[in-house]
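Written out below as structure tokens is the structure these notes cover.
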Number of protein chains: 2
Amino acid sequence: MMQKTQSGSECGAKGSHIRAALRGSGLRPTRQRVALAEILFGKGNRHISAEGLHEEAHGRLVPVSLATVYNTLHQFTEVGLLREVVVDGSKTYFDTNTDDHHHFFIEDSAEVVDIPPGQMGVDDVPSAPPGYEITRVDVVVRLRRISD
Amino acid sequence: MMQKTQSGSECGAKGSHIRAALRGSGLRPTRQRVALAEILFGKGNRHISAEGLHEEAHGRLVPVSLATVYNTLHQFTEVGLLREVVVDGSKTYFDTNTDDHHHFFIEDSAEVVDIPPGQMGVDDVPSAPPGYEITRVDVVVRLRRISD
DNA sequence: CTGTGTGCAAACTCTTTGCATAAGT
DNA sequence: ACTTATGCAAAGAGTTTGCACACAG
């Protein structure tokens, strides 16, 4: 037999691809993790908060708990499937694009948008103080709506 | 060179300078605001959280409430005496240096340190999307302790 | 005096945690 | 079966708010 088709979501090749990816990262492909991964990675790069993912999952009739969403986001981040983006003091955003790149942050709507790579660079990053190493250089270009 | 400001009221030169600055910003120089301003601006550039400032005030026997610390930090930020720094999702830091500059963030100790200006620049900042203006470009160089 | 600022505690938001139950292999 | 993940609700951290009292001008 083939793999058993899952509950209500789409079945077939995509599901097993995701399951394989999770497995390859050492995560058991549970229903919730597969469903959340489909939402996260199903349509291009996304920047999403735990609340946002939770709502979107419920909108798709995937009833995951908020605690599981947090767990999953952190686990995905640990294994390198996601990246945490710090742009706003109050919420944590997760980015499905783990490449080296930077962000616009639209203050009015609290939205995060990728800055295409190659368009911006950082000159002369100072060397780390002795005893420390640089783990990342983050650039955030903050935007505000022009309200004339 | 030590002047006994604080305690009951403010009689020294520093106190009145601070009072003048507050007044010039349209803020009434209350005891709490003057005391907090002395802590903030009294010894070079600082990066401090509300909790940190609250503790430091108590350490100096200036019993301000946490709510007042928050109010004051926000008021100072509004009038341009402070700048908010977003480096960590969980806490808000305030920087007494309002010039254009960037930061190191030491992840182990959650410390913020200025990167001296002129040592680092950002190339080719993309133009803002139509309808938006850039309010600021923030660079955070994240550091971790090398633990061999 | 008069209005603004302060302090307190309660409320709020986002996130984490503990433990019984459910699911994966 | 045996282990790990999930869900729930409660706890936790940081921040904000509402209202009575206190202080600055």
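Order of the sequence lines sets the chain letters (A, B, ...), proteins ahead of strands, with each chain counted from 1.
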Expected rows: protein N/O vs nucleotides 14-17 of chain C N/O, under 3.5 Å:
residue, atom, partner, partner atom, Å
dC14(C), O3', Ser90(A), O, 3.4
dT15(C), OP1, Thr92(A), N, 2.8
dT15(C), OP1, Thr92(A), OG1, 2.9
dT15(C), OP2, Tyr70(A), OH, 2.5
dT15(C), O5', Tyr70(A), OH, 3.1

Could you work out, with side-chain hydrogen bond (donor to acceptor under 3.5 Å, both in side chains) as the rule, every residue matching [X], not counting sequence neighbours?
X: Ser147(A); value: none
X: Glu133(B); value: none
X: Arg28(A); value: none

Side-chain heavy atoms of Leu81(B) within contact of Thr98(B), under 4.5 Å: no
Contact check, side chains of Ser25(A) and Phe76(A), non-hydrogen atoms, under 4.5 Å: no
Measure the distance from [atom1] on [X] to [atom2] on [N] and round it to the nearest whole Å.
X: Leu22(B); N: dT4(C); atom1: CG; atom2: P; value: 17 Å
X: Arg33(B); N: dG7(C); atom1: CZ; atom2: P; value: 11 Å
X: His54(A); N: dG7(D); atom1: NE2; atom2: P; value: 8 Å
X: Leu73(B); N: dG5(C); atom1: CG; atom2: C1'; value: 15 Å

Tell me who clusters with Ile146(A), hydrophobic residues only, linked when side chains sit under 4.5 Å apart either directly or through other members. none
Linked hydrophobic residues, Val112(B) as query - side chain contacts closer than 4.5 Å: Val85(B), Val87(B), Tyr93(B), Phe105(B), Val140(B)
With Watson-Crick and G-U wobble geometry limited to distances under 3.5 Å, how should the secondary structure of DNA chain C be encoded in dot-bracket form, using | for bases paired to another strand and [ ] for crossing pairs? |||||||||||||||||||||||||
Using the test side-chain contact (heavy atoms from CB on, under 4.5 Å), find all partners of Gln75(B) that sit at least two apart in sequence or belong to another chain. Leu27(B), Arg33(B), Asn71(B), Thr72(B)
Could you tell me which residues satisfy side-chain contact (heavy atoms from CB on, under 4.5 Å) with Ser65(B), sequence neighbours excluded, listed by chain and number? Ala67(B), Thr68(B)
Under 4.0 Å between a Lys/Arg side-chain N and an Asp/Glu carboxylate O for Glu38(B) and Lys43(B)? no
Does Arg142(B) come within less than 4.0 Å of Asp138(A), counting only side-chain N to carboxylate O? yes
Residue pairs meeting ring pair (Phe, Tyr, Trp, His ring centres under 6.0 Å), one or both in residues 37-62 of chain B, sequence neighbours left out, come to His47(B)-His103(B), His54(B)-His58(B)
Please answer whether the main-chain N or O of Pro116(A) pairs with a side-chain N or O of Asp114(A) as donor and acceptor at a distance below 3.5 Å. no
Report, as a single string ordered 5' to 3', how protein heavy atoms within less than 4.0 Å touch nucleotides 19-25 of chain C: B base, S sugar-phosphate only, - not at all. -----SS
Tell me, which of residues 75-84 of chain A have any heavy atom that sits under 4.0 Å from an atom in DNA chain D? none
